[in-house]
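These numbers come from a predicted model, not from an experiment. As the structure lists them, so they are numbered: ligands from 1, and atoms in each ligand from 1.
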Amino acid sequence: MMTDFKARRQRALDAIHPGVMVLPAAPVAIRNNDVEHDYRQDSDVHYLTGFDEPESVVVLNSVREPHYTLFVRPRDPERETWDGARAGVDGALERFGADAAHPIAALADELPRLLEDVPSLHYRLGLERRFDERVLAALDRVRARAKLGVAWPTRIVEPGAVLHELRLRKSREELELMRRAISITAEGHLEAMAQTKPGMFEYEVEAVLRAVFSRRGAERHAYSPIVGSGPNATVLHYRSNDRQMQAGELLLIDAGCELGYYASDITRTFPVSGSFSKEQREIYEIVLDAQLASIEATRPGATLDEIHAKSVEVIAAGLARLGIIAGPPPEAVEQQRYKPYFMHKTSHYLGMDVHDVGAYFVEGKPRALEPGMVLTVEPGIYIGERAAAPERYRGIGVRIEDDVLVSPEGRIVLSEAIPKSADDVERACRA
Ligand code: GLY
Ligand code: MN
Ligand code: MN
């Protein structure tokens, strides 16, 4: 693993030259009283270092050595007895390949030296206000030495401009982790389809997913899982997962594990009792056709807007055909009549973050996809209980979401192992 982190740092160093980049670790978040939220390192910090301890800071300096400095929590036998081992300064050098390492308490003294005579500082201002103060104090200390001929960074640059471009194009090693995350998530969805029965509570299905993710070594969910039955399937960010499912309803599961800091993000919608009703199947097949059309449109050179437009076209035509919105389809698209039922976009980038980094627009224009980018394709139709649609369609919510790699030839659907056609889904539910 070390090799890839080193190569990433080198690419970052090349891209910031002549510059210095300062990245603080993710802060520890208090949950309540003296209990902390589970710690997860900042994605950029992990991407460059693999160093996952809190209270650390990464400094990359392209101008002179040390090019890679880590500030870390020092070894502390007393604390380590309670909280587990720390790498410490020696570990930062030996195990994480830092050129220099210091205890975090030395930051105020050491950081000014690292900023001296470097024209650009790549630092994300405004995210961690308390850390901003420490960086600005270091800048002040460099400026104070101007009369001695020391130059200070005169530009502060958003580090994402460099790092998020790198993260947008996935390496072979990153894709391997994403494939493994997706295969665990696939097993979770399959097991959920097989085990769901009328009378179960949504949280019992969530427990099925959670058990598969944990059993297969995923560290955590990539986001709060959505397990929405019946009308809850029409609530986009439904999270309570506490309703008892009834026969004849649909269950929408949007869940994905995170493995080795890489997210998966997959949605399937299936009938609780194993067979779609006529109306459910009608809606389901429109969403599926929309998704297949959008997947087909995913290729190098395409934009997310074009991919979205395919889903919009199919969904608007389908809703008009069923009498849920007024036609004709081109006019329904033009006047956005589909929008009360399909109110979100079709795709987002996927990677270390579920809604991954990387610019969606370049010079004001939607960005063209390139091989190595990974995105979701996830159209849906959500007909709320109070919607203006004919009554027989009310309360139906369907989303189908796959994770798709842009390849030189077109695209590879990384999550294709999970059943998707209405018949295959019914079979998986009866397994
Ligand atoms: N699960 C979040 C999303 O689908 O975007
Ligand atoms: Mn999702
Ligand atoms: Mn998604």
Shortest protein heavy-atom distance from atom 5 (O) of ligand 1, along with the residue and atom involved: H355 NE2, 2.7 Å
Closest protein heavy atom (residue, atom, distance) for atom 3 (C) of ligand 1: D265 OD2, 3.3 Å
Ring geometry between F342 and H344 (parallel below 30°, tilted from 30 to 60°, perpendicular above 60°): perpendicular
Distance in Å, I283 CD1 paired with F276 CZ, rounded so as to fall on 0.5 Å steps: 11.5 Å
Opening angle between OD1 in D265 and OD1 in D254, taken at the Mn ion (ligand 2), to 10 degrees: 90°
Stepwise salt bridge (Lys or Arg N to Asp or Glu O under 4.0 Å) test for K420 and D402: CA-CA 10 Å; K420 199 159 68 167; D402 279 310; 2.8 Å; yes
Derivation of the salt bridge (Lys or Arg N to Asp or Glu O under 4.0 Å) call for E282 and R392: CA-CA 11 Å; E282 284 170 339; R392 62 186 184 281; 5.3 Å; no
Min N/O separation D254 to ligand 1 under 3.5 Å: yes
E53, E80, E55 screened by side-chain hydrogen bond (donor to acceptor under 3.5 Å, both in side chains) with R73, the one that passes: E53
Within 45° cone of Y261 ring axis and under 6.0 Å: R220 NZ or CZ: yes
Minimum-distance atom from the Mn ion (ligand 3) among N, O or S atoms of E378: OE2
N/O/S from H348 sitting under 2.8 Å away from the Mn ion (ligand 3): yes
For E401, the ligand 1 atoms whose distance to one of its heavy atoms is below 4.0 Å: 4 (O)
Atom name in E401, limited to N/O/S, at shortest distance from the Mn ion (ligand 2): OE1
